[in-house]
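See below for the structure under consideration.
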Amino acid sequence: MQQQRIRIRWTKTGRTRFVSARDLTSIWERALRRVDLPIAYSEGFTPHAKVSFPDALSVGYQSTGEYAELTFAVPIVPARDLARLSATLPEGMDITTFLEVPDGAPKLARMLRATLWEQEWLSADAAALADLLRRRGDELLAAEHAEVVRHRPDGDRTIDVRPAVLALAVSHRAEPGGNDAAAGVRTVLRAVLRNDGPTVRPHDLLSALSHGDVADPPTTRRVAQGEHVPEGLREALSGQVEPLALDVDAEAA
């Protein structure tokens with residue numbers, strides 16, 4: 001019987017942000033066995049489940065835009081069976097959408113050309129922080145190069161951040177449960193970074209923007225992956241556009 005390939009978008013939030021890429025494979029295999037779905041296995045001496053992840057997320061980052069491709073030995077009923085699978089995953093890991101893959105479709109990695117990242121601060125002076133980030137962002141986008149030093153265990157490395165930056169926007173988000181805009185406002189930096197080419201992560205971007213006077217944000221989140229468009233990013237599976245800037249009025253409603 002013909003195998004069935006399904007691409008999924010899933011989340012990695014809360015405590016699961018500390019799960020390493022290596023341990024993720026074990027978690028998915030255990031969940032698939034628990035719900036008894038007919039996942040296909042590779043051939044060879046040590047067969048493994050056909051579950052592929054195109055881009056590993058650094059430990060500590062949250063994400064609502066993780067992707068994977070699952071290959072089943074026999075067809076499943078995606079809406080029903082993926083809901084069962086999602087319910088079996090640890091809290092913070094949820095399947096949010098899926099797409100059946102027709103024969104001849106381009107590889108998943110080729111659909112994930114860019115990432116929309118979000119960094120968020122709760123600042124005593126949100127307006128001043130937003131103004132600073134906007135000014136530094138404009139300077140970065142106007143520059144031809146923006147070199148930063150990435151510190152690694154095997155030695156420092158200088159990288160040019162600028163070619164990877166497609167778009168930047170700074171806005172605000174109301175603090176959940178807060179009713180005073182001055183006391184409960186978070187400053188949010190959204191950036192669309194290229195996936196093709198040298199890897200540039202959010203902490204590299206912040207190094208280029210902060211000049212040493214902006215603290216690391218408590219929250220860094222991968223929002224979605226797909227194709228960069230002027231309004232933000234067209235999500236790979238649903239085709240919906242994730243806006244670059246938050247709709248502040250809608251967030252506060």
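Any value given below was found using the heavy atoms of this structure, including those in side chains, with hydrogens, waters and symmetry copies removed. We number each residue from 1, following the sequence as shown.
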Has the side chain of [X] got a donor or acceptor atom that lies under 3.5 Å from a matching backbone atom of [Y]?
X	Y	value
Arg221	Glu120	no
Ser207	His203	yes
Ser42	His48	yes
Arg134	Val170	yes
Ser63	Thr11	no
Trp121	Ala215	yes
Arg186	His172	no
Asp204	Val200	no

Minimal non-hydrogen separation, [X] against [Y], with atom names:
X	Y	result
Ile76	Pro78	O-CD, 3.2 Å
Pro47	Gly44	CD-O, 3.5 Å
Ile39	Ala49	CG1-CB, 4.1 Å
Ala167	Leu244	CB-CD2, 3.6 Å
Thr13	Thr16	O-OG1, 2.6 Å
Val101	Ala105	CG1-CB, 3.6 Å

Is the shortest side-chain heavy-atom distance between [X] and [Y] below 4.5 Å?
X	Y	value
Thr220	Pro217	yes
Leu193	Asn195	no
Asp103	Gln2	yes
Ile159	Val148	yes
Met93	Ile27	yes
Tyr41	Thr71	no
Leu85	Ile8	no
Arg222	Leu116	no

Given the rule that I, L, V, M, F, W and Y join up when any side-chain heavy atoms are under 4.5 Å apart, are [X] and [Y] in one cluster?
X	Y	value
Leu24	Val35	yes
Val188	Val214	no
Val19	Leu57	no
Phe53	Leu37	yes
Trp117	Leu206	yes

Test: [X] and [Y] ion pair at under 4.0 Å:
X	Y	value
Asp131	Arg136	no
Glu242	Arg9	yes
Glu66	Lys12	no
Arg113	Asp55	no
Asp138	Arg135	no
Arg5	Glu100	no
Asp160	Arg162	no

Can you tell me how far [atom2] of [Y] sits from [atom1] of [X], rounded to the nearest 0.5 angstrom?
X	Y	atom1	atom2	answer
Thr88	Asp36	OG1	CG	11.0 Å
Met111	Glu227	CE	CD	10.0 Å
Thr115	Leu233	OG1	CG	7.5 Å
Leu70	Ser52	CG	OG	7.5 Å
Arg173	Leu246	CZ	CG	5.0 Å
Leu205	Ser210	CG	OG	9.5 Å

Quick one, Arg194 with Leu166, criterion side-chain contact (heavy atoms from CB on, under 4.5 Å). Give me CA distance, side-chain angles, the key distance, then yes/no. CA-CA 7 Å; Arg194 303 175 69 98; Leu166 296 172; 3.6 Å; yes

Stepwise side-chain contact (heavy atoms from CB on, under 4.5 Å) test for Arg234 and His228: CA-CA 6 Å; Arg234 191 184 310 281; His228 173 234; over 6 Å; no

Can you confirm whether Glu139 is buried at CD, in the sense that more than 12 heavy atoms of other residues, nucleotides or ligands lie under 6.0 Å from that atom?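 More than 12 within 6.0 Å, yes.
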
Is the number of heavy atoms from other residues, nucleotides or ligands under 6.0 Å of Arg34 CZ greater than 12?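 For Arg34, atom CZ is crowded (more than 12 foreign heavy atoms under 6.0 Å).
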
Stepwise side-chain hydrogen bond (donor to acceptor under 3.5 Å, both in side chains) test for Glu235 and Gln225: CA-CA 6 Å; Glu235 198 273 328; Gln225 298 181 71; over 6 Å; no

Compute the centroid of each ring, for Trp10 and then for Tyr67, and state whether the two points are separated by less than 6.0 Å.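 No - the distance between ring centres of Trp10 and Tyr67 does not fall below the 6.0 Å cut-off.
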
Determine, stepwise, if the pair Asp94 / Leu89 fulfils side-chain contact (heavy atoms from CB on, under 4.5 Å). CA-CA 7 Å; Asp94 296 290; Leu89 292 167; over 6 Å; no

Trace of the side-chain hydrogen bond (donor to acceptor under 3.5 Å, both in side chains) decision for Asp23 with Ser20: CA-CA 5 Å; Asp23 291 336; Ser20 69; 3.3 Å; yes

Is there a side-chain contact (heavy atoms from CB on, under 4.5 Å) between Leu132 and Leu209 once you walk through the steps? CA-CA 9 Å; Leu132 177 65; Leu209 294 175; over 6 Å; no

